[in-house]
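Working notes, beginning with the structure itself.
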There are 2 protein chains.
Amino acid sequence: MRTRKNSTKNAPSRAWEDYLKAIYKLEKPEPTDKGVQTKELAERMSISQASVTNMLKKLADEGYIQYEPYYGVTLNDSGRSIAMKMIRNHRVLESYLVERLGYSWDEVDEEAETLEHFLSDKLVERMWNDLGQPTHDPHGSPIPNIDGTIERKNLTSLAEVKLDTPVMLERIKNRSPEELRYLASIGMHIGAKIVIKNQAPFNGPLLIEVDDQHFHALDYRMALALFVEDNTDSINH
Amino acid sequence: MRTRKNSTKNAPSRAWEDYLKAIYKLEKPEPTDKGVQTKELAERMSISQASVTNMLKKLADEGYIQYEPYYGVTLNDSGRSIAMKMIRNHRVLESYLVERLGYSWDEVDEEAETLEHFLSDKLVERMWNDLGQPTHDPHGSPIPNIDGTIERKNLTSLAEVKLDTPVMLERIKNRSPEELRYLASIGMHIGAKIVIKNQAPFNGPLLIEVDDQHFHALDYRMALALFVEDNTDSINH
DNA sequence: AAATAAAGTTAGTCTTGGCTAAAGTTTTTC
DNA sequence: GAAAAACTTTAGCCAAGACTAACTTTATTT
Ligand SMILES: [Mn+2]
Ligand SMILES: [Mn+2]
Ligand SMILES: [Mn+2]
Ligand SMILES: [Mn+2]
């Protein structure tokens with residue numbers, strides 16, 4: 001008689017939501033055989049591995065994830081839907097703070113990381129409508145739809161772009177506030193025209209030209225977080 | 001060696017903030033000899049008396065309150081300052097939701113009750129500035145200043161107003177969403193002109209005229225939550 | 001194929017913030 | 001002065017979500 005106290009589904013707690021979101025973010029876009037590792041989760045969330053294992057069992061019990069001990073974890077539909085909701089809440093709020101309350105992009109993440117769990121559906125929809133139902137946040141990340149679907153464009157990292165081929169910056173993935181401020185200071189905003197003029201060996205810095213105006217040396221690790229339109233389609237087809 | 005884990009002051013938790021706010025709300029405007037009762041707190045917060053006693057000891061340990069067993073509790077400056085901050089957060093957010101996101105007044109309280117604990121100072125100040133630094137929320141309640149001071153006007157409940165004396169509605173104290181909607185539907189908004197035409201005996205309903213237009217029968221208990229400018233000054237002076 | 005390293009799980013503990021129930025204390029009211 | 005109400009104490013319980021230490025499983029080297 002495994003009657004569970006929680007059988008009348010309470011809303012998942014903040015902790016559960018953060019786990020599900022972290023799993024989503026660690027899942028590879030191309031589905032592989034192995035799921036997300038306990039260790040990856042522990043590291044990303046700054047929580048001990050033992051605590052992660054513990055929580056994964058609960059999440060699996062409630063049907064949010066597929067959990068194969070020692071082999072990692074994948075999201076079920078119910079879990080993915082919660083993850084998408086958190087990401088929608090997060091990105092809509094961040095967009096709102098930037099567009100309506102004069103926040104700069106590097107200030108919004110901390111606020112959103114907490115508030116994403118406490119915003120009502122109503123509030124998120126009102127902010128989203130007020131913003132004109134945007135599909136992307138100000139840093140180019142897609143905002144999931146209310147039904148939990150999300151655009152999955154194939155973007156290429158700036159680190160992989162050919163030399164002397166102009167590209168347009170489409171998305172800047174999460175970096176620290178300091179890095180974001182730096183990137184902004186060298187003109188790296190969505191829509192900027194970028195040309196890679198050279199790449200130093202051993203994954204060294206890139207020499208780039210921004211908006212036909214300035215040259216900058218861009219650290220390779222930062223280039224990995226900057227994304228442009230993918231061109232492989234036209235090549236593979 | 002009573003080294004306490006918490007001696008490096010962590011931010012007070014949501015639970016602590018809600019206690020301090022509840023104590024503030026139960027303190028009488030005219031300072032009396034006795035503080036707020038355990039029982040009142042227990043009732044207002046829907047928490048058992050034993051649990052309240054327990055928490056009061058912790059709050060006193062940390063210096064947020066003055067706690068005299070059997071005699072009730074009063075806020076210290078540190079505790080009052082947290083209470084004021086919660087109320088400021090709450091009222092600024094409610095005002096913002098109404099003014100900028102099209103909420104109606106009866107929708108905002110639930111949202112604010114949770115979010116008040118998670119809004120950053122920065123966000124509250126930006127909303128407040130965006131609204132033009134209002135001193136009162138849309139239902140006439142004063143918004144505490146950043147330094148924790150608050151206007152304490154002497155208002156009179158509509159239940160105590162003399163017959164046939166026109167008064168202006170200044171403040172509607174917290175009621176349920178249903179009651180707020182009803183009050184709105186009979187024209188009870190801040191600034192409305194009200195004349196008491198009659199009061200039925202035994203604390204019965206008031207016959208009122210609103211904005212020189214309509215007559216309504218107003219339940220005595222609702223009249224207790226509606227406030228107008230105090231006139232006793234001009235009488236006592 | 002064994003040894004080692006890395007990843008993962010188990011078991012036991014802790015803190016926070018709740019609860020009930022029963023018994024004793026203090027204050028207030030009659 | 002007695003009874004009622006409010007309050008505290010004690011004891012024991014619970015759930016969530018962390019932790020550490022010890023052990024197990026899987027993967028990688030040699
Ligand atoms: Mn973010
Ligand atoms: Mn979060
Ligand atoms: Mn409110
Ligand atoms: Mn609250």
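Lettering of chains follows the sequences in order, A, B, ..., and the numbering in each one begins at 1. Below, all heavy atoms of this structure are taken into account, side chains as well, without hydrogens, waters or symmetry copies.
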Of B/Glu40 and A/Gln49, the one whose closest DNA chain D nucleotide lies more 5':
B/Glu40

Do the rings of B/Trp16 and B/Tyr64 sit parallel, tilted or perpendicular, given the 30° and 60° boundaries?
perpendicular

Would you say [N] has OP1 or OP2 under 4.0 Å from some side-chain N or O of [X]?
X       : N      : answer
B/Trp16 : C/dG17 : yes
A/Lys57 : C/dG8  : no
A/Ser51 : D/dA18 : no
B/Tyr71 : C/dT26 : no
B/Lys34 : C/dT28 : yes
A/Ser13 : D/dG17 : yes
A/Tyr19 : D/dA16 : no

Give one of base, sugar-phosphate or nothing for B/Thr38, where a contact means two heavy atoms less than 4.0 Å apart.
sugar-phosphate

Residue B/Thr53, side-chain atoms from C-beta onward, closest of D/dT9, C/dT10, C/dG8:
D/dT9

Taking the side chain as everything from C-beta on, heavy atoms only, tell me whether A/Lys39 gets closer than 4.5 Å to A/Glu43.
yes

Student check: side-chain heavy atoms of A/Asn89 and A/Met86 closer than 4.5 Å:
yes

Enclosure of A/Asp147 CG (heavy-atom neighbours >12, cutoff 6.0 Å)
yes

